[in-house]
Amino acid sequence: MRLVQLHVWILFLVVLVIFSCKKTDELTDFTEADEILLGEKLAAVISESQNYAIIPTEGNSIPYGYANSRLLELVNSSSITKGEDFIWTITLLEDESRQAFALPGGYFYVTTGMIFYLENEDQFSGLLAHLVAHINQSHITERLFFKYGVNGLKNIATSGDPESLNEIIEDLDLFNDFIQLSRASELQADTLAITILGETDQSCESSGIFLSRILNVQPTQQIALINSHRVEESRVDNIEAAAMSAGCDTSIDAESANRYRSFRNSLP
């Protein structure tokens, strides 16, 4: 009987090793170029959708210039591994909901509701740093693997099938219930955000400052964002502790609020 059990366990381990190797091969087959292509196709769907009120870049060079300069400052960090290849661009949306999200390849979206809710440049940079970290680590792409598989997602990115792309947009449910990322992914994003911000003029705990803002003032109005990113008080405390441990600058520039106010006032 024990011999039979031993054979079963050996067979199980062999199958596990084969499966693990196959999974690794599949994961490495989805390249950065595939992520860029997928993001490009998804961004095109959003740009053509009636569900997103995109603020045009034409005639709005000041708000777009400010938002993208904040983003580029972050992605120029030495810790960003995909800085040269990804698109890294922000689209501003005219919408009163407090929401922000990012797509594979570096496509970022922020609503006016979120922009006017935040109080200063550090909070805005904290939001962007958090999203940058998720995109740099391919967290959104990895979550999509669970439903579509690596090869399936690669085929969608390559073919640009409208039905499949719209299905992904619906799965992401960008405004109401964005896909929930794992605690491990959120921890990784928090750690990388601190490092990224440490190379800027903003407080290196700005991502924690942003999350605290989301939690402590009328949280019911951003419940989807809280749930999808697993935001809780202990997490904010952990970011503050990690920033202190890193020894980076946690101070907020006295002009942070004024610069951000000018940005908000420049919106149409």
Side-chain angles (χ1 to χ4, degrees), residues 39 42-72 74-75 87-135 139-140 166 168-181 189 193 202 206-207 209-231 256-257 259-268:
L42 292 172
V45 171
I46 291 177
S47 68
E48 295 168 4
S49 173
Q50 299 298 315
N51 296 326
Y52 302 92
I54 295 175
I55 295 176
T57 55
E58 185 177 354
N60 294 295
S61 59
I62 294 177
Y64 269 103
Y66 176 89
N68 279 298
S69 66
R70 298 280 67 75
L71 177 62
L72 292 178
L74 296 167
V75 300
I87 305 304
W88 304 120
T89 186
I90 291 180
T91 296
L92 304 176
L93 303 175
E94 181 66 49
D95 194 290
E96 63 182 11
S97 66
R98 298 169 185 170
Q99 189 58 278
F101 58 88
L103 299 174
Y107 295 87
F108 291 71
Y109 298 82
V110 185
T111 65
T112 50
M114 175 63 81
I115 291 170
F116 279 96
Y117 175 65
L118 300 180
E119 301 170 309
N120 57 44
E121 189 171 87
D122 288 76
Q123 291 177 6
F124 186 63
S125 292
L127 159 65
L128 295 181
H130 182 79
L131 294 177
V132 165
H134 278 311
I135 295 304
H139 291 154
I140 309 300
N166 276 292
I168 290 178
I169 294 295
E170 291 176 4
D171 285 343
L172 292 176
D173 200 1
L174 302 176
F175 274 94
N176 297 317
D177 192 18
F178 195 74
I179 57 173
Q180 188 176 63
L181 300 173
Q202 272 68 54
S206 288
S207 60
I209 296 171
F210 158 71
L211 294 176
S212 180
R213 173 70 176 163
I214 292 300
L215 266 179
N216 294 331
V217 183
Q218 297 175 312
T220 55
Q221 294 190 28
Q222 51 265 335
I223 194 66
L225 193 66
I226 290 173
N227 289 340
S228 63
H229 288 275
R230 301 177 182 270
V231 185
S256 176
R259 289 193 299 270
Y260 191 69
R261 190 177 300 111
S262 296
F263 161 55
R264 294 192 305 189
N265 291 340
S266 70
L267 288 166

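Just so you know, these numbers use all the heavy atoms, side chains as well, and skip hydrogens, waters and symmetry mates. Remember, predicted model here, so these are calculated numbers, not experimental data.
Interatomic distance, Ile46 CD1 to Tyr52 OH, rounded to the nearest 0.5 Å: 5.0 Å. The structure places CD1 of Ile90 at 10.0 Å from CZ of Arg70, a figure rounded to the nearest 0.5 Å. Rounding to the nearest 0.5 angstrom, the gap separating the OG1 atom in Thr89 from the OH atom in Tyr109 is 8.5 Å. Taken to the nearest 0.5 Å, the CZ atom of Arg98 stands 13.0 Å off from the CD1 atom of Ile115. Here the CG-CD1 distance, from Leu103 to Ile168, works out to 10.0 Å after rounding to the nearest 0.5 Å. From Asn120, atom CG reaches atom CD of Gln202 across 9.0 Å, with rounding to the nearest 0.5 Å.
With a 4.5 Å cut-off on side-chain heavy atoms, Ile140 and Phe101 do not count as touching. For the pair Val45/Asn166, a side-chain contact is recorded, criterion being any heavy-atom separation below 4.5 Å from C-beta on. The shortest side-chain heavy-atom distance between Leu93 and Ile54 falls under the 4.5 Å cut-off.
Checked against ring-ring contact (aromatic ring centres under 6.0 Å, His included), Phe124 has the following partners two or more places apart in sequence or in another chain: Tyr260, Phe263. Partners of Ile62 according to the side chain to side chain contact (heavy atoms under 4.5 Å, CB included) rule, which considers only residues two or more places apart in sequence or in another chain, are Ser266. Listed by chain and residue number, Glu121 satisfy the side chain to side chain donor-acceptor pair (under 3.5 Å) test with Tyr66 (two or more places apart in sequence, or in another chain).
Between the side chain of Ser47 and the main chain of Ala44, a donor-acceptor pair closer than 3.5 Å is present. One N or O on the side chain of Thr111 and one on the backbone of Ser97 form a donor-acceptor pair closer than 3.5 Å.
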For this session: Decide yes or no on side-chain contact (heavy atoms from CB on, under 4.5 Å) for Thr112 and Leu92, but give the supporting numbers first.
Result: CA-CA 7 Å; Thr112 50; Leu92 304 176; 5.8 Å; no

For this session: Check the pair Leu42 / Tyr107 against side-chain contact (heavy atoms from CB on, under 4.5 Å), numbers first and verdict last.
Result: CA-CA 9 Å; Leu42 292 172; Tyr107 295 87; over 6 Å; no

For this session: Please lay out, stage by stage, how Val132 and Trp88 fare under the test side-chain contact (heavy atoms from CB on, under 4.5 Å).
Result: CA-CA 9 Å; Val132 165; Trp88 304 120; 4.2 Å; yes

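When every heavy atom of Ala67 is checked against every heavy atom of Leu128, the shortest pair comes out as O-CD1, 4.2 Å. In terms of heavy atoms, Pro268 sits closest to Glu94 at O-OE1, 4.2 Å. Across all their heavy atoms, Ala133 and Ala189 have their closest contact at CB-O, 3.5 Å. Closest approach of Ile135 and Pro104 over heavy atoms only: CD1-N, 4.2 Å.
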